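First up is the structure itself, then whatever we jot down about it.
Order of the sequence lines sets the chain letters (A, B, ...), proteins ahead of strands, with each chain counted from 1. These figures come from a predicted structure and were not determined experimentally.
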Amino acid sequence: MLSRLAITAGSRNSGSFIWGRSSAALSTAQPLSNNAPVIIQESPERDLVNFPRRQRPIDAPPVRLGFLPEEWFTAFHAKTGATGPYMFMASVGTYMISKEIYVLEHEFYSGIAFAGLLMYMYKRLSPDVGTYVDGLVQAKEDQLRSIRQNEIDRCQASITEEEKAQWMATSYESLIQAKKDNVALQLEAAYRERLAEAYSQVKRRLDFQMERVNVLRRVEQKHMTNWIINSVKTSITSKQEDEALKQCVADLKALAAK
Amino acid sequence: MAARRITASSLDWAEFAKKIPQAQKPAFVALKNKQDNYVRQISALPEALPKIDFSSYKARVSAAMVDDFQKKYESLKIPYPKDTLTSSIESQAVEQKAEYEKFVAQSKTRIQGINEELAKWNAMMPIEEMNMEEALTYVPHLNLVVNPEKPTLWPHDKDYDEWRKMVENMEEEHH
C-alpha cells in the first residue's frame, strides 16, 4: 500500500515536474507531415542524474516468505544483521499473542487454512496466468513499439524511393542519346539505300547493253543460218534430188543384202 | 556537318531499361523496336558503293561505252543525307536537363523533409516508455490518449462538435 502510494505520488510529481516546465519550452517547429512527432526540448535545468526518469517496473519486486517485501528485511540489516528482522517478527508476535493484543480466536485458524488454500492456488495457477498476462503486456508493448519502427521504416523507404526516382530520372540522357542514334541510323540507312540505288541503276544499264548485244548477235546468227539454209535449198536442182534418192535406195538395198 | 556514321546503337539498352518506370515500358519498347528496325535495315544494305565487274562487260559490249560507265561510276559521289533533326534534339536535351534538375532539386528537398521527420522519430523516446501525458504531447495525432482539452465520446474517432451534429441528425431522422 505504502509503495503504491509512493509510486502514484512519484509519477504525479515527476509528471508535473517535467511538463510544468517544458510546456513553456514547446518546440515551435511545425511538424513536417501530420505524422511527425512533436519533439519537446527539455529544460537544461532538468537533473536527469539525480532524478532519472521513472521506469515502469517489469517484474514484481523481490519478496521473502512469499509475501513480505525484501526491503523490509534489508532495512534491518545495518542495525541487527541478517537474523534481525526474523527476531523482530518473532518477538513482536510473541508479545502481541501473549498480551492478547492479537487474539487467536477461530478466525485465526480459518485464516491459516485460507492462506494454505490461497498458496496452493497461487502455486497451481500463477505460471499459466502469468504467461497469459505477460503475453498481453508484450503484445501491447510490441504494438506501441511498432508504431515508431513503422514510421522509421516508412521514412527510410520513401528516401530510397526518392533516390531511385532521381536515378531513374537520369534516363533522359539515354533517351536523348537514343534519339540522336535513331537520327544517325536513319541517315545511314538512307545513304546506304542511295548507294544501293545507284549501283542497281548502273548495273541495270550495263545489263541492258549486254542483253542488247546478246540479242543482236542471236538475231544475226538466226538470220544467217536461215539465209544459208534457204540459199542451199534453192540451189538444189531436181536432177540432183533424183540422184540423191537413187543413191538412197541403193544404200538401202546394200544394207538389206547384209 | 560531318555526320557521325554509326551502324549500331551506342547505348547500353539493358541499363536504360532499368531506369524506365513501369508505366512507360510500352513507349520504351516502341523506341527500341524502331531502332532495331533501322539497324536491321542498315545491316541488309552495303556499306560502300558495290564493285561492278566491268571487265566481263568489256568483253561483250563496246569497250568505249563500258569505260565511260566505269569512269563515271567510280567517280560517283553519293551525297550523305542532311541531318536536320539533331539540333532540335539538342534543344530538347537542354529542356529535359532543366526539367531533370528541377525534379532532382525538388526530390532533394523532399528527402531533406523526410530526414527531418526521421530524425524526430529517432529522437523521440520510445512510445512504450511514455506516460499518458507524454504520449499526448509527443504523438497527439495517434490518439493514444484522449486529449482533455478536446473532450470526445467513445469511440473517440470524431470530436465533440461532429459527434453532436451526428446525434442531432439522428434525432431528426427519428421524429
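- Comparing A:V202, A:N182, A:N214 by heavy-atom pairs within less than 4.5 Å of chain B, the highest count is held by A:N182.
- Residue B:K108 touches chain A through both its backbone and its side chain, counting heavy-atom pairs closer than 4.5 Å.
- Using a 4.5 Å cut-off between heavy atoms, B:K72 does not touch chain A at all.
- Contact of B:L118 with chain A is made through backbone and side chain together, with heavy-atom distances under 4.5 Å.
- The line from CD of B:E90 to NZ of A:K179 is 12.0 Å long, rounded to the nearest 0.5 Å.
- Using a 4.5 Å cut-off between heavy atoms, B:F28 does not touch chain A at all.
- Using a cut-off of 4.0 Å between Lys/Arg side-chain N and Asp/Glu carboxylate O, A:R54 and B:E129 are scored as not salt-bridged.
- With a threshold of 4.5 angstrom between heavy atoms, A:Q55 approaches chain B through side-chain atoms but not through N, CA, C or O.
- In terms of non-hydrogen atom pairs under 4.5 Å with chain B, the most contact-rich of A:R145, A:E141, A:Q143, A:E197 is A:R145.
- Looking at B:P79, the atoms closer than 4.5 Å to chain A (heavy atoms on both sides) sit in the backbone and in the side chain alike.
- Under a cut-off of 6.0 angstrom, the local environment of CE in A:M119 is sparse, with at most 12 non-hydrogen atoms contributed by other residues, nucleotides or ligands.
- The backbone N or O of A:Y122 lies less than 3.5 Å from a partner atom in the side chain of A:S126, making a donor-acceptor pair.
- Your options are B:Q41, B:K32, B:M65, B:K34, and the one with the most heavy-atom pairs under 4.5 Å with chain A is B:M65.
- A donor-acceptor pair under 3.5 Å is absent between the side-chain atoms of B:Q96 and the main chain of B:A93, judged by distance alone.
- Between chain B and the options A:T170, A:D207, A:D142, A:I147, heavy-atom pairs under 4.5 Å are most frequent for A:T170.
- The candidate with the highest count of non-hydrogen atom pairs below 4.5 Å against chain A, out of B:I89, B:V139, B:L144, is B:I89.
- For A:R64 (side chain) and A:E70 (main-chain N/O), no donor-acceptor pair under 3.5 Å exists by modelled atom type.
- Within a 6.0 Å radius of CE in B:M132, other residues, nucleotides and ligands contribute 12 heavy atoms or fewer.
- With a 4.5 angstrom heavy-atom cutoff, B:N122 touches chain A via backbone and side-chain atoms both.
- For B:E47, the parts sitting under 4.5 Å from any heavy atom of chain A are the backbone and the side chain alike.
- Only the backbone of B:A48 has a heavy atom closer than 4.5 Å to any heavy atom of chain A.
- The choice from B:D12, B:L45, B:I42 that makes the most heavy-atom pairs within less than 4.5 Å of chain A is B:I42.
- Between chain B and the residues A:L206, A:V183, A:V213, the most heavy-atom pairs under 4.5 angstrom are made by A:L206.
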| A:E151/A:R154 under salt bridge (Lys or Arg N to Asp or Glu O under 4.0 Å): CA gap, chis, key distance, verdict | CA-CA 5 Å; A:E151 291 292 341; A:R154 181 182 60 79; 2.7 Å; yes
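- A distance-only check finds a donor-acceptor pair linking the side chain of A:N150 to the backbone of A:S146 [under 3.5 Å].
- Side chains of A:D134 and A:Q138: no donor on one and acceptor on the other come within 3.5 Å.
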